[in-house]
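The block underneath contains the structure these notes are about, expressed in structure tokens.
Below, read A as the first sequence line, B as the second, and so on, with proteins coming before strands; counting in each chain starts at 1.
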Number of protein chains: 2
Amino acid sequence: MALEHAILVSLLEKPGSGYELARRFERSIGYFWTATHQQIYRVLKRMESDGLLAVREVPQQGRPDKKEYSVAGLGRAALSQWLHEPIESESVRHDLAVKIRGAAFDDPSALIHEVERHRQVHSDRLAHYLAGELRDFTGPEASAPPDAGQELQHVVLRGGIAYERMTIAWLDDVLATVHQLGASRPRT
Amino acid sequence: MALEHAILVSLLEKPGSGYELARRFERSIGYFWTATHQQIYRVLKRMESDGLLAVREVPQQGRPDKKEYSVAGLGRAALSQWLHEPIESESVRHDLAVKIRGAAFDDPSALIHEVERHRQVHSDRLAHYLAGELRDFTGPEASAPPDAGQELQHVVLRGGIAYERMTIAWLDDVLATVHQLGASRPRT
DNA sequence: CCGGACATGTAACAAGTTACATGATTAG
DNA sequence: CTAATCATGTAACTTGTTACATGTCCGG
């Protein structure tokens, strides 16, 4: 189960509560691993009882208390072990591709709005990534010694950027294809 | 649930048995939607009892009999409805990205083999896609009238090709980053 | 006779989703 | 007084994974 590993990485980067983790899964980590708060709370509880995590009750003023989780020795060992074993898959789930192939049996032009909407989402995401890159990975870098964590986070972000750019270009290709189809074969 | 929709699309493209579907999910459709035979049999049974699919027992010689499924009217309607409603997400699960960020807390150079292995997988997949493109989408195309199904399948394949190319380039970026890290900061 | 392709399944479990539930504080 | 943010959870359900189970035919 890789949600556990994603949580370990996130908590190593910075300890935090279930709520905070849930928010990180809507941002940074969430770009390559999704999870809802229900799932996170459930898994945190299990990981704690398995001794992978340590909890600390943090009383707060003007806010509900929170449970701050951090990675215990066992958790670190579990992560290390996972890092050393090969992983497969990255099991794909591209609903849009299924839709595109399905559209052949229905009205292909109905795709247009949907594809444009997705293009917008990816375009926004790209802008967001680029802003993050500018903010976090430029400037004092040249002078300061390269930090492994920083460099690795940056290369993951560059992956996200490349992915969004590729996707946008592909969606343009899809739109052009659908339009061409409509032009040469107007529907009944 | 989009596995149902992927099955509908696949069966519309060509009716077939659970076994055949399972094999298609290791190839063509499998490139953007994964499913094991156990899952497929379970869902097929449900879809049939829901009236989305029709079955035909096909006795065979020298082989076990098979149940050939095809899409019923209800199934076609269900697909059509799905095509017309917006979909979200494409919920991501990039184990490798989690690993890369996690490597900062362990030995980054342990990534090298893993990344090279993944690069090989994507490189093979790209070659496979390109061969398929050459086989299925070149030649009589210019003379024959454009077939919507063909064009849409082709654009999905082009998406796969773009994805693999992007991924390979990114993995090279990852390798370069890790090597650079090792060079400037040799590990203890 | 053994392994691989063909063909279909069951059972148990793990993971993910959706809906519901509670309660405090702060900004408008 | 109302909505938003912070904070944590339960329950029911659907999906997806892993392991097990069975049986034929064909080629080597």
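Contact annotation: the side chain of A:Trp33 never approaches that of B:Val92 to less than 4.5 Å [non-hydrogen atoms, C-beta and beyond].
Each end of the helix from C:dC1-D:dG28 to C:dG28-D:dC1 gets its own axis, taken as the rotation carrying the C1' atoms of four end pairs onto the next four within a five-pair window, and the two axes meet at 30° to the nearest 10 degrees.
Going from atom CG of B:Asp95 over to atom C1' of C:dA15 covers 14 Å, rounded to whole Å. Atom CD of A:Glu4 is separated from atom P of C:dA15 by 7 Å (rounded to the nearest Å). Taking atom CG of A:Leu3 as the reference point, atom C1' of C:dG16 lies 10 Å away to the nearest angstrom. Rounded to an integer number of Å, the gap from B:Asp65 CG to D:dC25 P is 11 Å. Residue A:Glu68 contributes atom CD, which lies 16 Å from atom C1' of D:dT8 at whole-angstrom precision. In this structure, A:Glu57 atom CD and D:dA7 atom P are separated by 13 Å, rounded to whole Å.
Shown here are the side chain to side chain contact (heavy atoms under 4.5 Å, CB included) partners of B:Arg158, two or more places apart in sequence or in another chain: A:Asp173, A:Thr177, B:Glu133, B:His154, B:Val155.
Listed candidates were D:dA7, C:dA7, C:dT17. Nearest to the side chain of A:Lys66 is D:dA7.
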Give every donor-acceptor pair under 3.5 Å between a side-chain atom in residues 110-117 of chain A and any protein atom, sequence neighbours left out.
{"unit_1": "A:Glu114", "atom_1": "OE1", "unit_2": "A:Arg117", "atom_2": "NE", "d": "3.4"}
{"unit_1": "A:Glu114", "atom_1": "OE1", "unit_2": "A:Arg117", "atom_2": "NH2", "d": "2.8"}
{"unit_1": "A:Glu114", "atom_1": "OE2", "unit_2": "A:Lys99", "atom_2": "NZ", "d": "3.1"}
{"unit_1": "A:Glu114", "atom_1": "OE2", "unit_2": "A:Arg117", "atom_2": "NH2", "d": "3.4"}
{"unit_1": "A:Glu114", "atom_1": "OE2", "unit_2": "B:Ile87", "atom_2": "N", "d": "2.9"}
{"unit_1": "A:Arg117", "atom_1": "NH1", "unit_2": "B:Glu88", "atom_2": "OE2", "d": "2.9"}
{"unit_1": "A:Arg117", "atom_1": "NH2", "unit_2": "B:Ile87", "atom_2": "O", "d": "3.0"}

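Interface residues of residues 37-47 of chain B facing DNA chain D, ordered by number: B:Gln38, B:Gln39, B:Arg42, B:Arg46; criterion, heavy-atom separation under 4.0 Å. Listed by residue number, the members of residues 11-33 of chain B with any heavy atom below 4.0 angstrom from DNA chain D form an empty set.
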Derivation of the side chain to side chain donor-acceptor pair (under 3.5 Å) call for A:Arg93 and B:Thr34: CA-CA 7 Å; A:Arg93 243 122 246 218; B:Thr34 50; 2.8 Å; yes
Candidate pair A:Leu130 and A:Arg165, rule side chain to side chain contact (heavy atoms under 4.5 Å, CB included), full reasoning: CA-CA 11 Å; A:Leu130 288 172; A:Arg165 286 203 168 119; 3.9 Å; yes
Worked check of side chain to side chain donor-acceptor pair (under 3.5 Å) between B:His128 and B:Tyr31: CA-CA 11 Å; B:His128 182 79; B:Tyr31 300 144; 2.7 Å; yes
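A salt bridge is defined here as a Lys NZ or Arg NE, NH1 or NH2 lying under 4.0 Å from an Asp or Glu carboxylate O, and B:Glu4 with B:Arg46 meets this definition. Salt bridge annotation for B:Lys66-B:Glu57: absent, with no cationic side-chain nitrogen under 4.0 angstrom from a carboxylate oxygen. Between A:Glu13 and A:Arg24 there is no salt bridge, since no side-chain N of the basic residue sits under 4.0 Å from a carboxylate O of the acidic one.
Classified by interplanar angle (parallel below 30°, tilted 30° to 60°, perpendicular above 60°), the ring pair A:His5/A:Trp82 is parallel.
Listed by first then second residue, pairs satisfying ring pair (Phe, Tyr, Trp, His ring centres under 6.0 Å) with a partner in residues 52-72 of chain A number zero, not counting sequence neighbours.
Contact check, A:Arg93 against D:dT15: no side-chain N or O comes under 4.0 Å of OP1 or OP2.
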